[in-house]
2 protein chains.
Amino acid sequence: MIQKINRLSLVEQVAEQMEQLIEQRQWKVGEKLPPEMELMEKFGVSRNTLREAIRALVHAGLLETRQGSGTLVRSTSVLGAALKRHVKKSTMLETLEVRFALEKQAAKMAAEHRTEEDLTKLEAIVSETKVASEKKDIDQFITSDIEFHKAIVQASGNQLLIDLYEHMTDLLYSFVHDFLAMQPSFQLEQGLHLNVLDAIQKQDQASAAMYVENDMEVLKDYISKMTEE
Amino acid sequence: MIQKINRLSLVEQVAEQMEQLIEQRQWKVGEKLPPEMELMEKFGVSRNTLREAIRALVHAGLLETRQGSGTLVRSTSVLGAALKRHVKKSTMLETLEVRFALEKQAAKMAAEHRTEEDLTKLEAIVSETKVASEKKDIDQFITSDIEFHKAIVQASGNQLLIDLYEHMTDLLYSFVHDFLAMQPSFQLEQGLHLNVLDAIQKQDQASAAMYVENDMEVLKDYISKMTEE
DNA sequence: CCATAAAAGTTGTAGGATGATTGGTACATA
DNA sequence: TATGTACCAATCATCCTACAACTTTTATGG
């Protein structure tokens, strides 16, 4: 078997290392990187080489440079940035449809594969949501709600699915926030949570998928009502 | 109205122009770009600036540089390249699961929204597949089969869904090719096609989704059999 | 204390020099 | 002819220095 020779350029080597530092959270989002001079010495490359690596990550959406100020971490994922640019051209509805397709599949798989750990986490989030609901703490309620959906997807065990879903959710965050804040009552949402959790506990794939689908219909109606006005 | 000054860096301006040239196919995939010297003059920037722009697109997967030879266009889509790197870390099964989640949603939406044009196209592909099957032209059969699946997704009308699906399909191309080539008989596949097409014609969303799901099960079984060996 | 100016720190852009790799050409040899 | 070698030209890779532009911090004068 002939293997292709892998001769990585210095720029690519530096970029790769920086990507890892970001992914491993050693360079945290929002944090400033050391100045170019320092990085040059640390990586042992010239300014040009270093700058080309930085520029590559800037273009990919991981970093952001500010002339005169510095370079900071903007995102931890290339896929997220690529999706973001793509999603900008799409409508909210299109994005939601894809997100729900992913969540529905995830719910089915979660019902099949969920571990005790997954269940514990889901239950914790549900009770958290309940508390927030009783306290009328809207922000906390919304945060918990989003966490619940993410937890379902995480229970699917499919990492690609998880990544895509989380990135799309992040992109839709402000929209979902507004939607939930506008809900007249929290009861509906809580009902959904209990139903889905129940189906996942019982490993009932069909029901899990169905409840998620019902949720989608509610959102779709909301959107069409909103666009009519 | 005061407008925020858009001070895009030279590098970003050059990168953006090059992306457009690629997207508009003025620079075609596989083609070599003019050498750096020439591009410097055309864009009116220094070598460093030009190289940073090129490097950004190289990292994004759109270009490829070969020392001593030149720079050539490698892909037309950022999303495709980002997915590709991500998918490398995922298993085939994970990728297929996501792809099917998208296709299932697409089938439902296609059943709802399909136009006469969509139906005509689907029918044409089905008969194309039939001819290939009778002629025992495996390559043509596989091509048609993939076209059929893509056409279903296209009939959904959701551009984000279409893009994601097509990129994932491209990534899985060799796998799908091998799978189909290994199928003992073509009848099964053709049955699926007719069933799905029928459901979409009748605008029966549930059936359309169901038939797609059946297809997924067949593939899953094949994979688990393959991984056991 | 505050406003302003100066200074220092940092990224942006330019231009030049050298090294490394590739592709092609000419030529000698068997 | 076929093959291998040496050489040359084109091209990208890397490094270096210098200066411009912008931001942040510090110093200064009232």
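Below, read A as the first sequence line, B as the second, and so on, with proteins coming before strands; counting in each chain starts at 1.
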Inset, instruction - Let me know which of Glu36(B), Glu38(B), Glu52(B), Glu41(B) forms a salt bridge (Lys or Arg N to Asp or Glu O under 4.0 Å) with Arg47(B). - result: Glu36(B)
From [atom1] of [X] over to [atom2] of [N], roughly how many Å is that when rounded to an integer?
{"X": "Met37(B)", "N": "dG16(C)", "atom1": "CE", "atom2": "P", "result": "9 Å"}
{"X": "His59(A)", "N": "dG12(C)", "atom1": "NE2", "atom2": "P", "result": "15 Å"}
{"X": "Leu72(A)", "N": "dT24(D)", "atom1": "CG", "atom2": "C1'", "result": "15 Å"}
{"X": "Glu36(B)", "N": "dT11(D)", "atom1": "CD", "atom2": "P", "result": "10 Å"}
{"X": "Glu38(A)", "N": "dG9(C)", "atom1": "CD", "atom2": "P", "result": "13 Å"}
{"X": "Leu10(B)", "N": "dT11(C)", "atom1": "CG", "atom2": "P", "result": "18 Å"}
{"X": "Glu52(B)", "N": "dC12(D)", "atom1": "CD", "atom2": "C1'", "result": "16 Å"}
{"X": "Asn48(B)", "N": "dT18(C)", "atom1": "CG", "atom2": "P", "result": "17 Å"}

Inset, instruction - Using a strict 4.0 Å threshold on nitrogen-to-oxygen distance, state whether Glu64(A) and Arg66(A) make a salt bridge. - result: yes
Inset, instruction - Output yes when Glu117(B) and Lys121(B) qualify as a salt bridge under the 4.0 Å nitrogen-oxygen rule, no when they do not. - result: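 The answer is no: the pair does not qualify as a salt bridge.
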Inset, instruction - Would you kindly compare Gly68(A) and Thr65(A) by the position of their nearest DNA chain C nucleotide and give the one closer to the 5′ end? - result: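 In this pair, the answer is Gly68(A).
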Legend entry - Given DNA chain D, 5'-ward residue of the pair Arg66(A) and Arg47(B), judged by closest heavy atom: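 In this pair, the answer is Arg47(B).
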Looking at [X], I'd like to know whether one of its side-chain N or O atoms comes within less than 4.0 Å of OP1 or OP2 on [N].
{"X": "Arg51(A)", "N": "dT11(C)", "result": "no"}
{"X": "Thr49(A)", "N": "dC15(D)", "result": "yes"}
{"X": "Arg55(B)", "N": "dC12(D)", "result": "no"}
{"X": "Ser69(B)", "N": "dT21(C)", "result": "no"}

Legend entry - Residue pair Leu161(A) / Ser156(A): nearest heavy atoms and the distance that separates them: CD2-OG, 3.8 Å
Legend entry - Quiz item: Gln67(B) side-chain donor-acceptor pair to dA20(C) base, under 3.5 Å: yes
Inset, instruction - Take His59(B) and Glu19(A) through the side chain to side chain donor-acceptor pair (under 3.5 Å) test and state the conclusion after the steps. - result: CA-CA 12 Å; His59(B) 191 79; Glu19(A) 271 187 40; 2.8 Å; yes
Legend entry - Selected nucleotide, minimal atom distance to Ser9(B) side chain, candidates dC12(D), dC15(D), dG12(C):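 The listed nucleotide nearest to Ser9(B)'s side chain is dG12(C).
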